[in-house]
Each structure stands twice: as C-alpha cells, then as structure tokens.
2 protein chains.
Amino acid sequence: MKISEVAKRIDLPISTIRYYEKMGIITEEYLLREQNNYRNYTSDIIDYLQVVKNCLAVGFTISDIKSMISLKGISKEEQARIIKEKIAEIEAAQLNLENAKQTLYGLLQTDITCESGFGKHDRTVS
Amino acid sequence: MKISEVAKRIDLPISTIRYYEKMGIITEEYLLREQNNYRNYTSDIIDYLQVVKNCLAVGFTISDIKSMISLKGISKEEQARIIKEKIAEIEAAQLNLENAKQTLYGLLQTDITCESGFGKHDRTVS
DNA sequence: GTAAACTATGAAGTATACTTTATAGCAAGA
DNA sequence: TCTTGCTATAAAGTATACTTCATAGTTTAC
C-alpha cells in the first residue's frame, strides 16, 4: 500500500505519516521500500495508526508511544510495570474528562449570563 | 492571595499563572491589583484553576477555555450549542481513552516479546 | 538599613507535533 | 513523449503551551 492510500484510509496527511516514521513510531514491521524507493506499507498499518491516533488524542506523547513499542525488548516485569503506569495515567485522564463534562453540564443548567462564571461553582477532584 | 500562594495551592508554576492571565483566561473576576501593583487573587481562583487544569489535561486548548469563558456575553441558544459541542468532544475523548485502555490491557495479557506488536492485534473504533 | 526573598514586565527561548517549502526523481494516461 | 500527478528528502516554518532571562521595583527579616 502506498503512502497516499494509507493517508486516505486512516485520514491523516501524508506529511504526518512520514513524520511518524521519522520519529520512530512506524517501524520496518509496517513498512518496506520498493525498488523506486517508494514506501510500501503492510495492511496492518491501518489498525496500528488507529491505535496511535487514539493514544495521541488522549494525551500520550510520541515518546510514550515509542516506549510502548519498545516493550518488546525488555523483561515481562518491566513491561507490566510500564503498562500499568500508562493505564493509571489513562484512568486519571478519565477522571478529568468526567469532571470537565460535569462542569459543562453544570453550565448548561445554569443561567450563565446572569451570575455564574465558567466553572465558578463547580467542584473538582484534587 | 498573592501569586506564590496560588501557585502553591494549585500546584502550578508562577510563570504559568501569569501566562494564563496573558492569554486571557484569568479575568478581573479573580484578580485585582494592589497599590504596589502586586496581583491579588480571590479565593475562587483555586477552584477555577482546577477546572482549567482538568480541561487542559483532557485536550482542550486555552482558546477553547476562552470560548467557554466568553459564554457570558452571548445568547443562550449559542451557549447551549457551544457547550453541547464541547460535551460531544469530551465523549469522543472518553471513547478514545477506553480504546487506549483496552489496547494496554490487551498488551498485559499477551506475550509481547514473542509475537505481538504494539497494538497490532487490537481493534479500535473508527 | 540592608540583604534576601518576592513581585513585576517584556522578550526570547524551549518542547512537542506537525506543516510547508524547495528541489528532484518516478509513473501513468492522452 | 510530455504533462500531470505521485513520490522522495532535508530544512525551515508554525502553533500551542509554557519557561527562562534580563532588568527592576517592593517587602520582610535580621
């Protein structure tokens, strides 16, 4: 699969896909080169990039993703530790999301124009 | 309350608090100046900044927050529209989080070192 | 009253995640 | 064949969210 097809199927700019490769999160596993030097991706790249998109969308960095990729080279204990750490981060993010959502629902039910400020009367988890 | 106390209580650098003010998300409502020109914050600033932190942590931009603040000046219909839009964004983020979490749980249960790549065998929502 | 600590401003610097530009080779259809 | 379009690389540019620096006024503790 050539880069433009990947771009279309995963809905990312070509430049972004090349950038991910440069950053080391698209590896040989998903990518080889044709004789003309064009990139040729495996069909797995689509699912993989969807996971990458999900991770980036919820606040993981490219560096985080690199560390998850590199899990293959380290001990199972270390793997489990890193993965659990990431899951904890996700759960913290989920709490934040729920708080933000409740803040917004609160705004919907309040007469914002007259007396309430953004978030002014909301409770948040510290 | 002076800036250093706010910084300590909300656990943000002083520079960040001044930056938020510069970006227009800390308004007169929470801030006045003393005769010596020092910033003097109301106690409400703490709860407010916690909401700001939550929002930023889950992917909202400072610009998003500004638009939420400015809800006070616009019609209720427009307010409701913007708020519902933000809630939809949060719900999309929640889906992404759940996907990312399942990806990681999948990794925990797989023999990563031997055959599975990061995310390679996971399903994600398109 | 003076040194250390806190406050202020504006401007420049940094990190992350991309995007755009410039230049050039390769390919497919009329 | 020639033009249009896709591919390539390297380097510079952009946006967002801060942080650091340079400089200077203010306050507090001894």
Side-chain angles (χ1 to χ4, degrees), chain A residues 1-28 30-42 45 48-70 86 89 93 96 100, chain B residues 1-28 30-42 45 48-70 86 89 93 96 100:
Chain A
M1 199 185 334
K2 281 194 284 187
I3 197 165
S4 60
E5 191 183 340
V6 175
K8 197 176 175 185
R9 286 175 58 178
I10 199 64
D11 192 29
L12 279 176
I14 289 175
S15 59
T16 302
I17 298 169
R18 287 200 273 243
Y19 169 72
Y20 287 166
E21 180 186 338
K22 198 176 171 192
M23 293 297 100
I25 59 174
I26 295 178
T27 61
E28 295 176 329
Y30 300 106
L31 172 61
L32 38 101
R33 295 290 183 132
E34 292 181 2
Q35 286 179 319
N36 57 15
N37 199 34
Y38 284 17
R39 291 171 180 82
N40 187 354
Y41 298 90
T42 68
I45 192 76
Y48 174 71
L49 286 179
Q50 188 59 56
V51 175
V52 168
K53 278 182 83 175
N54 284 343
C55 289
L56 290 174
V58 299
F60 287 106
T61 64
I62 286 182
S63 180
D64 287 333
I65 294 170
K66 273 183 86 167
S67 80
M68 289 189 260
I69 290 173
S70 60
K86 298 295 173 192
E89 284 173 31
N96 275 331
Chain B
M1 199 187 329
K2 281 194 284 186
I3 197 166
S4 60
E5 191 182 342
V6 175
K8 197 175 176 185
R9 287 176 57 178
I10 199 64
D11 191 29
L12 279 177
I14 289 176
S15 60
T16 303
I17 298 170
R18 286 199 273 242
Y19 170 71
Y20 287 166
E21 180 186 338
K22 198 175 169 191
M23 293 297 100
I25 60 176
I26 295 179
T27 59
E28 294 177 331
Y30 300 106
L31 172 61
L32 38 102
R33 296 290 184 131
E34 293 182 0
Q35 285 180 320
N36 58 14
N37 198 36
Y38 284 17
R39 290 171 180 83
N40 186 355
Y41 298 91
T42 69
I45 192 77
Y48 174 70
L49 285 179
Q50 187 60 55
V51 175
V52 168
K53 278 183 85 174
N54 285 343
C55 288
L56 290 174
V58 299
F60 286 105
T61 64
I62 286 182
S63 179
D64 286 332
I65 294 171
K66 272 183 85 168
S67 79
M68 289 190 260
I69 290 173
S70 61
K86 298 296 175 193
E89 284 173 32
N96 275 332

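So you know, we letter chains A, B, ... as the sequences are listed, proteins then strands, and number each from 1.
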Next on the checklist: Holding to side-chain hydrogen bond (donor to acceptor under 3.5 Å, both in side chains), I want the full list of residues that pass it with A:Gln35, two or more places apart in sequence or in another chain.
Outcome noted: none

Item to check | A:Ile14 or B:Lys2, whichever maps to the more 5' nucleotide of DNA chain D | outcome: A:Ile14

Checklist entry - For the pair made of OH in B:Tyr41 and C1' in C:dT7, what is the distance, rounded to whole Å? => result 11 Å

Item to check | Start and end of the DNA chain D segment that chain B contacts, any atom under 4.0 Å from a heavy atom | outcome: D:dA17 to D:dT27

Checklist entry - Within a strict 4.5 Å, meaning less than it, do heavy atoms of the A:Leu49 and A:Ile26 side chains meet? => result yes

Next on the checklist: Expressed as a whole number of angstroms, how long is the span from A:Ile26:CD1 to C:dC18:C1'?
Outcome noted: 14 Å

Item to check | side-chain hydrogen bond (donor to acceptor under 3.5 Å, both in side chains) against A:Glu5, all qualifying residues, sequence neighbours excluded | outcome: A:Arg9

Item to check | Interface with DNA chain D, restricted to residues 31-40 of chain A and to heavy atoms under 4.0 Å | outcome: A:Arg33, A:Asn37, A:Tyr38, A:Arg39

Checklist entry - Between C:dC6 atom P and B:Ile3 atom CD1, what is the distance in whole Å? => result 13 Å

Checklist entry - By side-chain contact (heavy atoms from CB on, under 4.5 Å), which residues pair with A:Thr61, not counting sequence neighbours? => result A:Ser63, A:Asp64

Checklist entry - Checking A:Lys53 side chain against A:Leu12 main chain: does a donor-acceptor pair fall under 3.5 Å? => result no

Checklist entry - Are A:Ile65 and A:Leu56 side-chain neighbours, meaning at least one heavy-atom pair lies under 4.5 Å? => result yes

Item to check | A:Asn40 side chain vs A:Arg33 backbone, donor-acceptor pair below 3.5 Å | outcome: no

Next on the checklist: Rounded to whole Å, please give me the gap between CE in B:Met23 and P in C:dG10.
Outcome noted: 12 Å

Next on the checklist: Reading DNA chain D from 5' onward, which residue's closest nucleotide shows up sooner: A:Lys22 or B:Ser15?
Outcome noted: A:Lys22

Item to check | With A:Asn36 via side-chain hydrogen bond (donor to acceptor under 3.5 Å, both in side chains) - residues at least two apart | outcome: none

